[in-house]
Number of protein chains: 2
Amino acid sequence: MPDPHSTDPAFSGLTKNQSLVLETIAKARRPIGAYEILRELAPRGIRSPVQIYRAVNSLIQCGIVHKVESINAFVRCTDAHPHHGQTTILAICDDCGTVVEHHDETVDRRLVAWAKQEALEVNAVTIELKVRCANCSALAP
Amino acid sequence: MPDPHSTDPAFSGLTKNQSLVLETIAKARRPIGAYEILRELAPRGIRSPVQIYRAVNSLIQCGIVHKVESINAFVRCTDAHPHHGQTTILAICDDCGTVVEHHDETVDRRLVAWAKQEALEVNAVTIELKVRCANCSALAP
DNA sequence: GATGAATTGTTACGTTATTTCCTAACGAGA
DNA sequence: TCTCGTTAGGAAATAACGTAACAATTCATC
Ligand SMILES: [Zn+2]
Ligand SMILES: [Zn+2]
Ligand SMILES: [Zn+2]
Ligand SMILES: [Zn+2]
């Protein structure tokens with residue numbers, strides 16, 4: 001597994017399919033679904049969903065890509081530096097799809113504290129905001 | 001649209017399909033998928049996915065039901081009282097599916113504050129924890 | 001070259017969600 | 001009464017999401 005934040009933007013450790021998928025996700029500049037990635041990469045020889053999901057899951061594990069659960073799509077991580085176990089907060093514009101990434105230690109602490117109090121062992125945390133971005137608000141008020 | 005917390009547990013304002021779907025979700029006592037609801041209700045005359053999704057969406061709007069985005073399933077709201085614009089925090093056990101519901105004003109405030117700072121108009125907030133519940137941890141340590 | 005691990009490819013399937021088009025029922029108001 | 005808008009419901013098709021199972025390939029290493 002390659003280090004996502006080592007050799008930006010090459011990620012030379014990635015396999016062929018992982019590179020193709022990452023490239024497609026990055027180029028989209030908004031969340032993109034698995035089958036849209038598939039369509040995009042069909043001309044380059046990718047034929048089946050499994051290939052997409054395998055690559056995407058690797059990229060997510062690396063932290064290079066995030067899954068947007070509320071819309072079942074994937075987005076390139078826009079963070080300059082790696083997340084050290086912090087929860088990624090994603091705000092997705094309902095209108096244009098723009099994603100803004102954020103972290104908040106206080107939020108993390110409070111969620112972890114509550115989980116501990118309830119004796120819950122946390123495996124993953126998802127925080128997502130469906131929003132209208134400033135741009136879209138300005139365009140159509 | 002009926003008031004979800006008025007006449008527990010009848011929700012007499014619900015339509016027939018909404019009642020059927022709510023009943024099925026409630027009976028499941030863990031998140032249940034749309035098609036499982038459909039299978040459950042087929043004998044009672046429900047034939048198509050749309051009918052489930054329409055009902056479920058109404059119930060979500062009422063606040064009677066929550067969608068668990070991270071597993072694409074629906075769960076009965078277990079809160080005694082209505083949420084007043086508070087974000088529902090859901091913890092879902094990966095092993096047994098048990099859901100615990102929670103609210104945290106501090107978390108809400110911080111998210112809203114950040115959104116405001118970024119000029120984002122918030123439409124919805126999703127906070128979900130994938131966990132191992134105390135029960136499951138005890139059973140298989 | 002032989003061995004084994006990782007990656008890739010293919011088929012097939014199951015699940016989740018939306019779209020489209022249509023009908024029925026009901027109340028408001030001309 | 002007769003349109004008109006609104007809401008709910010129904011059916012069919014299709015798109016989109018996701019995984020299981022197994023075969024083929026590549027590649028490092030012995
Ligand atoms: Zn990130
Ligand atoms: Zn926008
Ligand atoms: Zn609730
Ligand atoms: Zn459990």
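Since we're looking at a predicted model, the values are computed, not measured. Reminder, nothing fancy here: chain letters follow the sequence lines and each chain counts from 1.
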Task: Separation of dT10(C) P from Gln51(A) CD (nearest whole Å) - done: 7 Å
Task: Lys67(A) NZ - dT16(C) C1' separation (whole Å) - done: 11 Å
Open item on the list: OP1 or OP2 of dG9(C) versus the side-chain N and O atoms of Arg47(A): is any pair under 4.0 Å?
Closed with: no
Open item on the list: Nearest whole Å is fine: how far is dA17(C) P from Ile37(B) CD1?
Closed with: 10 Å
TODO: May I ask you to evaluate whether Thr15(B) reaches the phosphate of dT7(D), defined as a side-chain N or O under 4.0 Å from OP1 or OP2?
DONE: no
Task: OP1 or OP2 of dG9(C) under 4.0 Å from side-chain N/O of Lys16(A) - done: yes
Open item on the list: Students often mix this up, so state it plainly: with edges at 30° and 60°, are the rings of Phe74(A) and Tyr53(A) parallel, tilted or perpendicular?
Closed with: perpendicular
Open item on the list: Using heavy-atom distances to pick each residue's nearest nucleotide on DNA chain D, tell me which of Val50(A) and Val50(B) is more 5'.
Closed with: Val50(B)
- [ ] Kindly point out which of dT10(C), dT18(C), dG9(D) is positioned nearest to the side chain of Arg54(B)?
- [x] dG9(D)
Open item on the list: For Thr87(B), is there any backbone N or O sitting under 3.5 Å from a side-chain donor or acceptor partner on His103(B)?
Closed with: yes
Open item on the list: Measure CG/Leu20(B) against P/dA8(D) and give the value in whole Å, please.
Closed with: 15 Å
- [ ] Return yes when atom CG of Asn135(A) has more than 12 non-hydrogen atoms of other residues, nucleotides or ligands closer than 6.0 Å, and no otherwise.
- [x] no
Open item on the list: If I take atom CD in residue Glu69(B) and atom P in nucleotide dA17(C), what distance separates them, rounded to the nearest angstrom?
Closed with: 8 Å
Task: Nearest-neighbour nucleotide for the Arg39(B) side chain, dG9(C), dA11(D), dT15(C) considered - done: dT15(C)
Task: Aromatic stack Tyr35(A)/dC17(D): centroid gap under 5.5 Å, interplanar angle under 30° - done: yes
Task: Glu121(B) side chain to Val131(A) backbone, donor-acceptor under 3.5 Å - done: no
- [ ] Test Arg44(A) against Glu23(A) for salt bridge (charged side-chain N to carboxylate O under 4.0 Å, His left out), laying out the working first.
- [x] CA-CA 12 Å; Arg44(A) 299 236 243 159; Glu23(A) 189 187 311; 2.6 Å; yes
TODO: Please report, rounded to the nearest Å, how far the P atom of dT16(C) is from the CD1 atom of Ile71(A).
DONE: 19 Å
Open item on the list: What is the distance, to the nearest angstrom, from the CD1 atom on Ile46(A) to the C1' atom on dT7(C)?
Closed with: 12 Å
- [ ] Please determine if a side-chain N or O atom of Asn72(B) lies less than 4.0 Å away from the OP1 or OP2 oxygen of dA17(C).
- [x] yes
Open item on the list: Here's a test of your reading of the structure: between Asn17(B) and Tyr53(A), which maps to the more 5' nucleotide of DNA chain D?
Closed with: Asn17(B)
TODO: Quickly work out the Asn57(A) CG to dA20(D) P distance and round it to whole Å.
DONE: 11 Å
